[in-house]
Q: 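I am attaching a structure below and will ask some questions about it afterwards.
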Amino acid sequence: MERIKVLILGCLSLVAFPMMAAMDVLSFGAKGDGKTLCTHAIQAAIDKAGVQGGEVRFPSGTYLTGTLILKDNVTLNLERGAVLLGSTRLEDYPPTPSHYISHINRYTHSCLIYAEGVKNIAIKGEGIIDGQGTHLNFKADENDVLKSILRRPYIIRAVSCEQIKVSGITLRNSPAWMQHYLNCTNILVDGITVLNHGNYNNDGIDIDNCKNVRIVNSNFDTDDDAICFKTTNATGKCENVVVANCIIASNCNALKWGTETNGAFLNFTVSNCALWRSEHPTIYDRDERTLGAIALETVDGALVDGIHIDNIVSNGFMTPIFIRLADRGRNYYDGGPSQTAGILRNISISNMTAKMYGLVTSSISGLVNHPVENVSLNNIHIICEGGGSEEDAHRRNIGDRNKEYPETLIFADAPAYGFFIRNVEGLRMQNIFLESQSEDPRSALYCENVENMSLHRFTFENPEPGAPLIILNQCANIQISGNLPVGINNTLLQVEGSANRRITLYNNDLSVYRQPVLFKRGARNDAVKCLDSF
């Protein structure tokens, strides 16, 4: 009886989970010589596998191809030694316009591997996909990079698909973005290597209006943004995303939310990642392209809510943390409406060590009447380069720069070397270590129009003695406690402006300062309540 039961269960198992057929591309006429165009042979194998579901196998060899269209239940398996080589002829990349309305439709024309509206697809193996992106046929127009991207194919593009897995493979040398997932659900990217240098717009991976995404155990080295989240359709959203255990090198931004931010970004967890300035020279003229380790933005009306980032080490980016709420208001289709300013709230960054490259401070900035809300920074160690200018140290009335392209450089002249904080409500900063490698006349923190903020247990190493460590300009409901300079410093806090109120100092050792608190630019003494003894 037991034996019959086992046989029945085995038969049921076979019915429920049939073995996928394996299609060897060589048997369909593909040549692995790197010279013969194999598009039709490979597509025939994909079409055959798509009838009942199956695996398309690439044995060791180099397979030259143009655009391939994936079908339901098809896996591409690139075995060790196999290279899928993108053709350099533009005519081998016919247009693949998506049916999903998106801002990206304005500058997306073609790709090497395309899927739309299909389920259960995978690309796996120990092989390589190479887009030959440095070829002269893909040369970008430096005067109009976005226009020229229309003739530069992406490598992988999936639109409105479900159940996607990309694992093990190496992706390199795209003419544009490496991979773009738009309006997709249930994506797993596991153990891949992305090398993308040599052309403009060389992103590593772009997740756009997608749900239930995991990017884990992978290496990225890119000239443009390495891991980038977008919402290019206001009716969609990016939600339930995990990034973990990744090594990320970039000449631009390592982790970026934006710039396209029409739909919501909800429930992100990023952990255990190392972020580095790429050792590859950038294709862009300016050396300061290495912008941000973490760039978190909403500028086109998006709600950003619930971003948790933990256990990060960063080296060589200009700006460790860039959090920006603005009102660029770019629509996502021609003639479509612009949205009002979005909402950015409930952000947590903890256990981060970052060594800066350059003078562009970290920043958290919103707009008047549209503040960034509820941000928590905990256990952050930033090694600043130092050496800022006296002119920037005394700069005030910085414009909102609301319509500028949202990148760290917009606050290159901020009056702080550690953090520039403006138009924020509900900020908690605890266990922060700001270390300046050379003296800097700018303050460590400059805060303007900030309400409900606690600054607890700061350590300031090597500050310039004459510069106040913290400047509060038009701030309210502020608590400052447990702060310590390492070295000589004259002033802990400088209060500026007549609108400051309810600023409390407690558990600080003020005996180490010559003038612990200064009042400038019309600030009133009764704005500060000091519970510490001098």
Q: Does Val360 reach the side chain of Leu291, with side-chain heavy atoms less than 4.5 Å apart?
A: no

Q: Check the orientation of Phe411 and Phe322. Use parallel for under 30°, tilted for 30 to 60°, and perpendicular for over 60°.
A: tilted

Q: For the residue pair Arg428 and Ser454, confirm or rule out a side-chain donor-acceptor distance under 3.5 Å.
A: no

Q: Will you find, in the side chains of Asp509 and Ser511, an N or O donor that is under 3.5 Å from an N or O acceptor?
A: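 Yes, a side-chain donor-acceptor pair sits under 3.5 Å.
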
Q: Please state whether the rings of His280 and His197 are parallel, tilted or perpendicular, taking 30° and 60° as the class boundaries.
A: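 Parallel.
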
Q: So, do Leu195 and Leu171 sit near enough that their side-chain heavy atoms are less than 4.5 Å apart?
A: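 Of all side-chain heavy-atom pairs linking Leu171 with Leu195, none is under 4.5 Å.
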
Q: So which of Asn201, Asn202, Thr282, Asn196 actually passes side chain to side chain donor-acceptor pair (under 3.5 Å) with Asp223?
A: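 By the side chain to side chain donor-acceptor pair (under 3.5 Å) criterion, Asp223 pairs with just one of Asn201, Asn202, Thr282, Asn196: Thr282.
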
Q: For His381 together with Phe433, are the ring centres under 6.0 Å from each other?
A: yes

Q: Please identify which of these residues, Val424, Ile364, Ile421, meets the side chain to side chain contact (heavy atoms under 4.5 Å, CB included) condition with Ile323.
A: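 Answer to the side chain to side chain contact (heavy atoms under 4.5 Å, CB included) test with Ile323 among Val424, Ile364, Ile421: Ile364.
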
Q: With side chain to side chain donor-acceptor pair (under 3.5 Å) as the test, would you mind laying out the steps for Tyr446 and Asn473 before giving the verdict?
A: CA-CA 8 Å; Tyr446 176 86; Asn473 184 353; 2.9 Å; yes

Q: Hey, what's the ring geometry for Trp257 with Phe229, parallel, tilted or perpendicular (30° and 60° as the breaks)?
A: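 The rings of Trp257 and Phe229 sit tilted, inter-plane angle from 30° to 60°.
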
Q: Evaluate the ring planes of Phe265 and Phe268, with Trp represented by its six-membered ring, and classify them as parallel (under 30°), tilted (30 to 60°) or perpendicular (over 60°).
A: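 Rings of Phe265 and Phe268: tilted, 30 to 60°.
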
Q: Using a distance-only test with no angle check, is there a side-chain donor-acceptor pair under 3.5 angstrom linking Ser160 and Asn183?
A: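 Result is yes, a qualifying pair exists.
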
